[in-house]
Amino acid sequence: MSFKYINNFKFWCQKVLPLVYDDSLSYYEMLSKMAECLNDVIDNVNSLPEYIQSLVTDASLKNVLSELLDELREQIATLNEEDSTTATSNSEAGTFVWIDGLLYKTIRQILSGDKYVVGSNIEKITVEEEINKIVESIQTQLDALNNTATKLNNNLIFITDFGAVGDGVTDDTVAINNAIKAANNYGGGCVIVPNNGTFVFTAIELLSNVTLTSLGGVLKLKDNTCNSSSTAYYPILAYQRDNVHIKNLIVDGNGANNTLFEVADAITLSACSNSSVENCIINDAPDSGIMFSNTLNSKVIFNVINNAPDCGIYINTGQASSGSVNPGTRNITFGNIITNSGVTGISLKRNTINHIVSSNIIDGGVNGITFEIAGLGGYSTNCTVTNNRVSNTSEIGISLRYSQQCIITNNRVENFTGVGLSADGISSYNTVTNNVFTSAENNVIGIRLKDYNNYLPQNNNIANNIIQLSGSSAIGISLSHIAETPSAQGNYNSICNNMITATSGIEISNFFNTCSICNNICTSISLNSQTCTLCNNTGSLTAANTILYYTVNNGLQKIGSYYTEPDIGDWKVGDICLNRTATSGTNLAWIYNGSSWVALNM
């Protein structure tokens with residue numbers, strides 16, 4: 001910066017009378033004194049550069065820099081050994097020390113009296129190196145903050161950003177839940193389990209508008225989380241939330257170390273809507289793998305569930321129809337693979353409505369797909385089970401218990417050791433069609449209608465199924481009961497157009513009345529029921545205490561057979577009942593005249 005030299009102020013003034021004769025200054029005297037003061041100031045200013053220059057000498061600069069350096073040295077390392085090579089005090093690893101004007105860093109603990117040895121207990125460093133390390137550390141933290149801010153702006157949150165460790169030992173529950181809360185507070189987002197690590201947890205609570213997903217890391221339930229047989233545990237739970245999505249998770253349920261519980265399903269969505277569980281892998285859940293309770297417009301798709309001791313997937317409303325405000329409706333279970341479930345692969349319980357179970361693979365376990373009552377009661381209605389493959393079940397492949405107006409179609413049930421499909425109890429108005437049932441086991445049943453709680457199934461349509469049972473004592477289709485006198489008859493069931501290969505084709509016991517058995521291809525039919533209609537079936541017929549109906553003339557007339565003049569059945573004028581015990585001299589048949597039977601003699 002250049003310095004501008006200032007000239008002195010000069011002026012001329014002519015003396016003019018009259019002068020002032022009192023103590024005050026005249027105008028002339030005032031100007032003279034003012035000029036004198038201004039010139040003194042100008043002289044001082046003009047001499048200022050020379051004064052400053054006299055201060056900034058080599059010696060003065062050295063003194064100032066020396067003072068600054070001493071202060072900096074003191075801030076970098078308070079320990080100054082000067083020219084000593086022996087420690088005068090104790091110091092921990094990582095301590096800075098000045099020795100003979102050079103900076104060193106201890107690399108292990110040093111005790112007073114120890115000799116300083118480069119490479120053994122100290123290493124030489126420079127101030128620049130340490131400053132660079134500090135700058136790099138600060139930059140790393142700034143980058144991490146910027147990275148987190150960028151993820152938040154993109155609604156992507158890694159659980160490790162909130163302190164999750166993933167070492168398989170540390171409990172990461174708090175970090176995971178904090179990440180979920182942050183996403184929810186941000187208006188929604190994706191909480192991510194990174195691609196490496198095992199993240200131990202006890203209870204994860206999902207919030208609305210949050211997606212929990214994994215890039216490959218595992219969520220593992222902590223040992224002994226479930227430690228009370230009277231307590232319900234919910235390891236991963238969304239309760240009364242909307243738009244919750246669980247995707248691509250890998251869950252280790254750690255069931256071997258979590259054995260005491262009332263309920264402990266790995267993933268639970270309860271009273272949620274517009275939500276999903278998809279593409280997850282769930283191994284060794286303590287209880288069921290996935291439970292939907294009172295869910296609406298939601299889906300369970302493309303999951304793999306292994307070794308769940310109860311159900312692989314469990315769908316229910318949570319309440320009976322009388323108390324349920326929002327029963328589980330319009331949900332789909334699609335494309336899941338379920339192996340070795342302890343009780344059932346997929347279970348629909350209590351008032352499950354409008355649910356589709358499609359294209360799932362179920363291998364092993366006691367039962368494959370079940371509709372059933374549990375505790376609070378209620379029916380599953382208007383559900384569709386289609387295109388599923390169920391293999392190697394020990395009891396029932398598909399079970400309809402307390403179901404109404406459900407469609408069971410195009411499923412394949414194979415290698416079962418009990419029953420392929422069973423419709424039990426108050427199961428009515430269901431359609432079982434175009435399914436394939438195959439087994440080489442002995443004493444199995446392809447399709448069974450049976451009583452439950454003293455009720456028999458009614459008004460079901462069993463049609464166009466293929467049943468191939470190659471084991472001994474196998475029954476293709478069985479309508480049977482255990483109770484001696486069921487409370488309700490098993491009436492109006494239709495068994496038509498089925499292709500059956502089995503030791504016994506169709507067996508129908510009493511109390512299944514007014515049923516239609518038509519157009520079946522099988523080896524034999526055994527009837528012990530009253531008033532059943534049979535037409536166009538193949539195979540031998542065994543009928544006891546039964547009126548057999550053979551419809552003719554497009555169903556306008558019927559021909560039946562019985563042992564005596566009929567006293568039961570639905571007859572019209574012109575219908576004929578043949579006498580099964582007819583011999584020479586006895587009635588050949590009876591013709592109905594509208595009010596009584598007219599005998600026809602031989």
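Start at 1 with the first residue, then count along the sequence.
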Is the closest side-chain heavy-atom distance between Phe199 and Thr160 below 4.5 Å?
yes
Search all heavy atoms of Cys311 against all heavy atoms of Ser341 and return the closest pair with its distance.
C-OG, 4.2 Å
Please check if atom OH in Tyr233 has more than 12 non-hydrogen atoms from other residues, nucleotides or ligands closer than 6.0 Å.
yes
Correct closest heavy-atom pair for Ile346 and Thr344 would be O-CG2, 3.2 Å
Gln405 vs Tyr429 side-chain heavy atoms within contact, under 4.5 Å:
yes
Would you say Asn435's side chain and Ile408's backbone share a donor-acceptor pair under 3.5 angstrom?
yes
Nearest atoms (heavy-atom pairs only) where Ala203 meets Asn177
O-ND2, 3.1 Å
Output the distance between atom OH (Tyr234) and atom OG (Ser293), rounded to the nearest 0.5 Å.
8.0 Å
Can you find a heavy atom in the side chain of Glu205 that is under 4.5 Å from one in the side chain of Ile180?
no
Taking atom OG of Ser422 and atom OH of Tyr452, what is their separation to the nearest 0.5 Å?
11.5 Å
Taking NZ in Lys299 as the centre, count heavy atoms belonging to other residues, nucleotides or ligands within less than 6.0 Å. Is the count above 12?
no
Walk me through it: do His245 and Ser276 pass the test side-chain contact (heavy atoms from CB on, under 4.5 Å)?
CA-CA 5 Å; His245 302 284; Ser276 67; 2.7 Å; yes
If you draw a 6.0 Å radius around CZ in Phe261, do more than 12 non-hydrogen atoms from other residues or ligands fall strictly inside?
yes
Which is it for Ile462 and Leu449 under the side-chain contact (heavy atoms from CB on, under 4.5 Å) test, yes or no, and what are the steps along the way?
CA-CA 10 Å; Ile462 313 297; Leu449 276 63; 4.2 Å; yes
Is there a donor in the side chain of Asn411 and an acceptor in the side chain of Asn388, or the other way round, less than 3.5 Å apart?
yes
Taking side chain as C-beta onward, heavy atoms only, is Ser208 less than 4.5 Å from Asn243?
no
Apply side-chain contact (heavy atoms from CB on, under 4.5 Å) to the pair Asn367 and Ser399, showing each step before the final yes or no.
CA-CA 8 Å; Asn367 303 305; Ser399 175; 5.7 Å; no
In a check of side chain to side chain donor-acceptor pair (under 3.5 Å) between Thr173 and each of Thr225, Asn178, Thr202, which one passes?
Thr202
Show your reasoning for whether ring-ring contact (aromatic ring centres under 6.0 Å, His included) applies to Phe334 and Phe302.
CA-CA 6 Å; Phe334 182 88; Phe302 301 122; 5.6 Å; yes
What residue among Ile282, Val218, Leu219 forms side chain to side chain contact (heavy atoms under 4.5 Å, CB included) with Asp252?
Val218
How close do Thr170 and Asp167 get, heavy atom to heavy atom, and via which atoms?
N-OD1, 2.7 Å
Rounded to the nearest 0.5 Å, what separates atom CG in Asn316 from atom CD in Glu372?
10.5 Å
Heavy-atom side-chain proximity of Ile122 to Ile110 below 4.5 angstrom:
yes
Run the salt bridge (charged side-chain N to carboxylate O under 4.0 Å, His left out) test on Arg389 and Glu414 for me, step by step, so that the C-alpha distance in whole Å, both residues' side-chain angles and the decisive distance to 0.1 Å come before the verdict.
CA-CA 8 Å; Arg389 186 162 191 155; Glu414 57 192 10; 2.8 Å; yes
May I ask you to check whether Asn331 and Thr295 show a side-chain donor-acceptor distance below 3.5 Å?
yes
For the atom pair OG (Ser273) and CZ (Arg241), what is the distance rounded to the nearest 0.5 Å?
12.0 Å
Examine the side chains of Asn453 and Tyr402 and answer whether a donor and an acceptor come within less than 3.5 Å of each other.
yes
Roughly how far, to the nearest 0.5 Å, is CG of Asp172 from CD1 of Ile159?
6.0 Å
Before giving the answer on side-chain contact (heavy atoms from CB on, under 4.5 Å), spell out for Leu206 and Leu269 the whole-Å C-alpha distance, their side-chain angles and the decisive distance to 0.1 Å.
CA-CA 9 Å; Leu206 288 158; Leu269 269 62; 5.5 Å; no
Side chains of Asn387 and Asn410: donor-acceptor distance under 3.5 Å anywhere?
no
When you compare the side chain of Val390 with that of Phe416, does any pair of heavy atoms fall below 4.5 Å?
no
Heavy-atom pair of closest approach, residues Pro194 and Ser214:
O-OG, 4.3 Å
Within a strict 4.5 Å, meaning less than it, do heavy atoms of the Val444 and Phe437 side chains meet?
no
Within the 3.5 Å criterion, strictly below it, is a donor on Asn459 or Ser428 matched to an acceptor on the partner's side chain?
no
Any side-chain heavy-atom pair from Ile369 and Ile362 closer than 4.5 angstrom?
yes
To the nearest 0.5 Å, what is the distance between CD1 (Ile356) and OG1 (Thr333)?
9.5 Å
Closest non-hydrogen atom pair between Val263 and Asp287, with its separation
CA-OD2, 3.6 Å
Ignoring hydrogens and geometry beyond distance, is a side-chain donor-acceptor pair present between Asn254 and Asn257 at under 3.5 Å?
yes
Are side-chain N/O atoms of Thr86 and Ser84 paired as donor and acceptor at under 3.5 Å?
no
Between Asp242 and Asn274, do the side chains contain an N or O donor and an N or O acceptor separated by less than 3.5 Å?
no
